[in-house]
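Structure first, commentary second.
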Amino acid sequence: MTTDTTHKAAGTELAENHAETHGMSNAGYIRIAAILAAITALEVSTVYIDFGPFFLPALLIMMAVKFIMVVSYFMHLKFDNKIFSFMFYAGLILAVGVYAAFLATFKFFIQ
Amino acid sequence: MTSVWIMLVKKSRAILGFAAISIVAASCGTNAPQDTWQPKGPNSKIIDDLQRPVFAVAGIIGLIVAVAVIYTLIKYRDRGQPIPEQTHGKPALEITLTIIPALILAVVAVFTFGAIFKLAKTDDTEMIINVTGQQWWWEYDYPTQNEFGITQPIISSGQLVMPVGTKVLLRETSRDVIHSYWIPALNGKRDAVPGRVQTLRLEADAPGIYAGQCTEFCGLSHANMRMEAVALSKADFAKWVANQQAAYVAPAKDSLAQQGEEVFLNQCVRCHQVNGLMRADGTPAIAAPDENVWSGSAPNLTHLMSRNTFAGASFDLLSKQCRDEVWNAPSDVVGTKYLAGVTEECLNQKDLRSWLRNAPAMLPMYANATQLKATGGKYRGMPYLALTEDDISKLVAYLLTLK
Amino acid sequence: MAIIERETEVTATGIDIATPTTTYGVLKRPVAATGWRAWVFTVDHKKLGLMYGATAMFFFIVGGVEALLIRLQLAAPNGKVLNADLYNQMFTMHATTMVFLFVMPMAAGFANYFIPLQIGARDVAFPRINALGFWLLLFGGIFINLSWFLGGAADGGWFMYAPNSGPVFSPTHGIDFWAFGLQIAGVASLTGSINLIVTVLNMRAPGMTLMKMPIFTWMMTVVQFLLLFAVPVITVALFLLSFQRNFGARFFDVAAGADPLLWQHLFWIFGHPEVYILVLPSFGIVSEVLPVFSRKPLFGYPFVVFSGAAIGFVGWGVWAHHMFASGLGPVSVAVFSLTTMAIAVPTGVKIINWTLTMWGGKLVFSTAMKFSIGLIVLFTVGGLSGVTHSVAPSDTQQTDTYYIVAHFHYVLFGGAVLGIFSGFYYWWPKMFGKMLSERLGNWNFWLMVIGMNLTFGPMHILGLQGQPRRMYQWTEARAGEGLFNFAFWNLVASIGSFVLAVGILLFLINVVITARNPTKSPLDPWNSRSLEWMTSNPPKEHNFDVIPTVHHLDEFFHRKYEEDPATHTMRQIATAEEVLAEQERNADKHIHMPSPSYWPIVLAGAVPIITFGMIFSHLIAVVGGVILLFASFGWALEPSTAPESDFENQAAHGTALDKVGH
Amino acid sequence: MTDAAVHGHESSTGISNIKLGMWTFLGSECLLFGGLISTYMLYRGRVTGGPRPAQIFDIPFTSVSSFVLLMSSLTMVLAVSAAHKSEDKKTNLWLTVTALLGATFVGGQVYEFTAFYNEGLGFSTSLFGSSFYTLTGFHGVHVTVGIIMLMALVGIFKRSEVPGKKAEVVEMIGLYWHFVDIVWIIIFTLVYLIPV
Ligand code: HEA
Ligand code: HEA
Ligand code: CUA
Ligand SMILES: [Cu+2]
């Protein structure tokens, strides 16, 4: 079990399997990229078109959607082991929570 | 729940005695002037009523843990018994022992919340005093408040003079680094942060002098940055205000003091303001400390001798004997004694003279010319001025006229 | 703590020296040679653990001597031992040294040494990064202390509040050295945390589920997560500070509209998790030691695990309790007051579980056990004073007084340090194959406990009597008279600190005596419970002849004992020697270990050169940068596998135990 | 970062050490950039006489360079995909394109910084200046490090001296690259698009 030859082989196998079963097709990636590009265009348009009260929420939602799409598809998080998601989202959620509280103590959100 | 709390407050001394731990014991009878367990005003009283039971609870829990551990050590020490069953815990017991501390803390939290918001109130203020910290002294600025007879702003330093039974609100800020204002007998601390104005409630029940100390590390002379709050009866306070607003009295012609005034105009006035002081040409002498001092300010000396201390309350203006007389005076006469100010007999010549001789030698403060690079040539604190002993005598005589 | 050179007979049971490969030009991978090279180029987690330990111990003495100077100065009013400037440097560096260069590296040392052993692994996940972390830490520590000789050390206090830490208020280079040095040490912590997290998640022995992991490993894992997320925050803060001091940024320049509270928040968002980073390793050690010497499993293992995780988690939401007097506004104060109280609950769970672990046990009072019991009681004292701080209004009376100093020394010394000493006595035979003298240990323990109470106990009184901290002198004018006067209690504290020093000196003497004493320790001197004891003392290079398969929490214990169905007490079924012999019979024939490497020390060496250049001359920084780049490529191109380093395990032929001579 | 392969050790979770290590590292990076972004958010309006953000930002320009960086994520993912299929030529091609796109972005940033500087926003001008350059500078350094890694990878592939598993190494650098991209997604919105 610690004889390395055996499990190295096992490891490689695992990695390859996994690429085949979970990977997206290149066409899929291009589709994602197209959506991302479209959202970006929409984001930029907010500078020129008046979205009124929806401006801020719309921007933030678009930002979040892009973020999650890159993470989920390009970075494979959606298909990969849950531990990766835990590691990353733990950091992300902690960061958002802590820094939001931090800004709140400066009354940042109620200015 | 509330009744338990009130009982704890009332019985706290008894409980403290029971939980005879040195920390807790520190609350019973003492003499240090900055004792945090001797409230002398309603704000500190709010804190005191909160902390006594909290300390008692903490003491009791500490005792329980200690006793439990010692009992276990004695009872279960190895006496040759067989290795016990490998039990892995009792969830019910665990959960109970988790919930009990949580409940205790929940009770503490409720009362804590009440105190926090009570101490943060600002809408019942009766009097405002602006307090500015700088390395290493405090400046007090009383804005115009007609109801107290303050018809023009009063600027003072070192000792905060306030009327008793009045809800005073300090508005604190700083001109350089963070300092912290703290008169333990009257309230907890509040930092004086440059770029911010923050408030601290103060109110004294009885006339007296209450010691304090800057408690945010602020550089070399942090340890020397002290202050005192002087609470005067309302009548005495009115007298103090009147004196602070009295017009400048020039020293008698040809007196030593008048020569001192000249030296002062030459040497001191570039930093220190004395309201009403005129130059020889009849123009008012206006100090420009911002050009000389890094923090941009030096103490206003107009009524120097109405204070008992100088240089961040580090040194006494009064000789030891006179000082003790004021400090130990019973509260009904302390006002009168304080208002007497510094007379010639009572002046602490030694310290004042060495201050004028070489201030940086008395307080570490990088005020010597060799260390001015970082501040672009400006002094941090009062510089060494190379005065002759003669000049110093003249200056002392002059300063004594600044009642 | 001297590094005791491993004896040849022990290595003889281990790896055959590998020959280097030359596949990728640049440099050969060094061989596992003897002498100093065996240490400098090593990637072995055990050697690195010992090197961490030795470094930390060195800095403990440095920080301790600084503390003694502080206490000398404060023994009497208007102390003249140090001037104000030097005093300010002294307490700043005392705290920096103790926190970042003693407790954290010591914990890293224990983690390095014991996590792989406790989870049944042969090394950590990234051995070279492990070595890199150690060298960065060492160089960072030296770098910070260089400032003593180059114009003066940092003088802003260990939390270095802005704007007092700005270029105007602290014109020497002390704070530059401090900020860059901590930055370097921070990288070490970060790489270390990634390494250990991956190790724990990925390299456990078969059968060792997370809930069968030894509790020390668990607590260390929580610590690594705290480091992982807390270090970047101080990294940001330190960058802002360095950019202000060295490149003219204005982050804390009030004239530009800066808010000094920015620094406070960033520092304490890191700083509060940091205090749990300091104490949780010791909680882990204590949770190992108490069951062993109570002959009982840890009471409520899952509760201890989850409370550890809870402390780690809640620890993120309490940072502003260090700022109750800063002027946050009542709502923030109330929220942080509440969360701070909440954190006492999971910590209480630990205290209660430790006590209940001893309850009903068969208590053996070894020195390690005494230190652990000391921790329970003294940490509780510190924790309870912490709870009194959490009551924000009363904290406004306490903050920045000696009462706070008392609190954190009780939790740090009574918690972290006592735990570390417990670990020393418990694991010394494991690490060095020899037992520390228990008789000296007894003296060591009592002098430390008495000394610490004499030193820090009076600080409660001093603080509540209104003595502020960080004062280079105290004055009789504010000292009071009678029972609570400053003079008496300051003197007691100063005397106590020397009692403490003698106690620690005894430990050092104990180490020396032990190193000279030829007697070997038994294989399982304490009748221990976890995997690290299921191998020789000290462990072989490859840790285990065969990776054990785990069935129980406390696997080793359960291989030695079984329950008597009638009385439910435990009876021995095998000795440790027998368990080990069984392991060796099944030893792996073919074990592969990573070869040493030149690159970690070279890469780490480049970093202080860069930071030195940032302070003094950008040319030097460029030189450092070139070395860094070169080393990175050397690192990347180094052959990762050296097939020749495989070896036939001689232990498989049943000779190891005879040679170790237990 | 290839030490994992060294170990004769089966992983308890069945996943590779370096991949887990990389994700752990990225989790930590969230707090680094979070701190920088929060500092910027706190200080973005504090300009002390210097130019305000809205006065100097050139949204069309930045939009284009953001788009370039976004597309480099696509080329990166194509490189990873090719690497998994062991198509070395394609892998190299996509890696090179990614590096070029990254370089275009960094070039754009250098141009932008120069332009801002000429319009009066120096590093010491104001809090806005200090925190803007620090945030975007940190990001730029991350991109630059990514480019160096990509180029090194191409070089190493050419000499077919890849230590460890090729596809995995490409994937690792890919993760890093995408992370740098998502950080920019946030910066682009919070810094550039939300006006002050
Ligand atoms: C090892 C490090 C460590 C640990 C573990 C702690 C633990 C705690 N700390 Fe401490 N703290 C520091 C290190 C540490 N601290 C340092 C270094 C500083 C000062 C930094 C500086 O200013 O330089 C500081 C400062 C500090 C402050 C700021 C004080 C000030 O500057 O004004 C506060 C305020 O709330 C605080 C609170 C607490 C609390 C509530 C805990 C709790 O986690 C304690 C919990 C433990 C117990 C409560 C005991 C056991 C529990 C039971 C037996 C159960 C029953 C208990 C109850 C129902 C109460 N600490
Ligand atoms: C883990 C952390 C840690 C540890 C272990 C210690 C240990 C000690 N600390 Fe520390 N201390 C801090 C962390 C720590 N401290 C922090 C964070 C601060 C706040 C700083 C700030 O405000 O910025 C502080 C501040 C602080 C102060 C307040 C300074 C001030 O506010 O002005 C004092 C004062 O007494 C003090 C004393 C001591 C003493 C006597 C020890 C002793 O326990 C030391 C014991 C060790 C030794 C004595 C060395 C080993 C002995 C020998 C080698 C024997 C041979 C040598 C001789 C006899 C010369 N410390
Ligand atoms: Cu002002 Cu300390
Ligand atoms: Cu804290």
Side-chain angles (χ1 to χ4, degrees), chain B residues 22-23 26 30-36 47 50-51 54-55 58 61-62 65-66 68-69 72 76-78 81-86 88-89 94 97-98 101-102 105 109 112-113 115-117 119-120 177-178 180 184 188-191 193-195 198 211 213 215 217 219-220 223 364 374-375, chain C residues 84 157 161 163-164 168-169 171 254 260 295-297 299-300 303 325-327 330 333-334 337-338 341 345 348-349 352 355 358-364 376-377 380-381 384 387-388 391-394 396-397 400 457 460-461 464-466 468 470-473 478 480-482 484 568-570:
Chain B
S22 60
I23 328 165
T30 173
N31 326 57
Q34 281 166 205
D35 185 4
T36 60
I47 296 175
L50 185 65
Q51 71 184 358
V54 169
F55 272 68
I61 294 174
V65 171
V69 168
T72 315
Y76 293 104
R77 68 181 188 279
D78 186 358
Q81 69 264 47
I83 292 184
E85 187 183 357
Q86 303 292 296
H88 283 272
E94 293 271 355
L97 289 177
T98 312
L105 288 169
T112 302
F113 277 25
I116 290 172
F117 287 97
L119 289 165
V177 301
I178 303 175
S180 193
K189 307 173 183 73
R190 173 71 11 101
D191 287 1
V193 181
Q198 308 193 139
Q213 162 79 39
T215 44
F217 178 64
L220 280 181
T375 49
Chain C
Y161 274 4
N164 194 36
V168 180
F169 300 103
V254 179
R295 312 289 184 234
K296 253 179 95 223
F299 189 88
F303 281 86
S326 295
V333 167
S337 193
L338 185 72
M341 288 174 193
V345 174
V349 169
I352 290 163
T355 313
M358 296 192 293
W359 185 269
K362 175 178 158 68
L363 306 183
V364 180
I376 300 180
V377 176
T380 301
V381 174
L384 291 170
V387 170
T388 65
V391 177
S394 72
T396 61
Q397 288 286 20
D400 278 313
H460 291 110
I461 300 173
L464 294 176
Q465 286 302 304
R470 296 174 161 186
M471 303 228 299
Y472 76 103
Q473 288 177 338
R478 299 288 161 92
E481 291 140 18
F484 297 109
H568 295 295
T569 55
M570 304 301 286

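Chain A is the first sequence line, chain B the second, and so forth, proteins listed ahead of strands; every chain is numbered from 1.
- Here C/P297 is the residue among C/P297, C/P171, C/P330 with the most heavy-atom pairs under 4.5 Å with chain B.
- No side-chain donor-acceptor contact under 3.5 Å links B/E94 to the backbone of C/I352.
- Among B/Q86, B/R77, B/R190, the residue with the largest count of heavy-atom pairs under 4.5 Å with chain C is B/Q86.
- With values rounded to the nearest 0.5 angstrom, C/L338 atom CG is found 9.5 Å from B/L105 atom CG.
- A distance of 6.0 Å separates CZ of C/F303 from OG1 of B/T98, quoted to the nearest 0.5 Å.
- Across all non-hydrogen atoms, the minimal contact from C/P260 to B/V193 is CG-CG1, 3.6 Å.
- Your options are B/G195, B/S180, B/A109, and the one with the most heavy-atom pairs under 4.5 Å with chain C is B/A109.
- Contact annotation for C/Y161: only side-chain heavy atoms (C-beta onward) come within less than 4.5 Å of a heavy atom of chain B.
- If you measure heavy-atom distances from C/S337 to chain B, the contacts under 4.5 Å come from the side chain alone.
- Looking at B/V69 and C/I376, their side chains come closer than 4.5 Å, going by heavy atoms from C-beta outward.
- Using a distance-only test at 3.5 Å, with no hydrogens or angles considered, a donor-acceptor pair links the side chain of B/K189 to the main chain of C/Q397.
- C/T396 OG1 to B/Q51 CD: the interatomic distance, rounded to the nearest 0.5 Å, is 8.5 Å.
- Heavy atoms of B/L119 lying under 4.5 Å from chain C belong exclusively to its side chain.
- Within the 4.5 angstrom heavy-atom criterion, only side-chain atoms of B/Q198, from C-beta onward, approach chain C.
- Ranked by heavy-atom pairs under 4.5 Å with chain B, the list C/T380, C/V345, C/V391 is led by C/V391.
- The residue among C/G157, C/A84, C/A334 with the most heavy atom pairs within less than 4.5 Å of chain B is C/A334.
- Among C/V377, C/T355, C/V349, the residue making the largest number of heavy-atom pairs under 4.5 Å with chain B is C/T355.
- Of the two parts of C/V333, the backbone and the side chain both hold a non-hydrogen atom closer than 4.5 Å to a non-hydrogen atom of chain B.
- Contact count versus chain C (heavy atoms, under 4.5 Å) is highest, among B/A68, B/A66, B/A102, B/P194, for B/P194.
- Both the backbone and the side chain of B/F217 come within contact range of chain C, judged by heavy atoms closer than 4.5 Å.
- For B/A374, the parts sitting under 4.5 Å from any heavy atom of chain C are the backbone and the side chain alike.
- Of the listed residues (C/G466, C/G480, C/P468), the greatest number of heavy-atom pairs within a distance under 4.5 Å of chain B belongs to C/G466.
- Using a 4.5 Å heavy-atom cutoff, the side chains of B/D78 and C/V364 are in contact.
- Heavy-atom pairs under 4.5 Å with chain B were tallied for C/G482, C/G348, C/G327, C/A392; the largest tally goes to C/G327.
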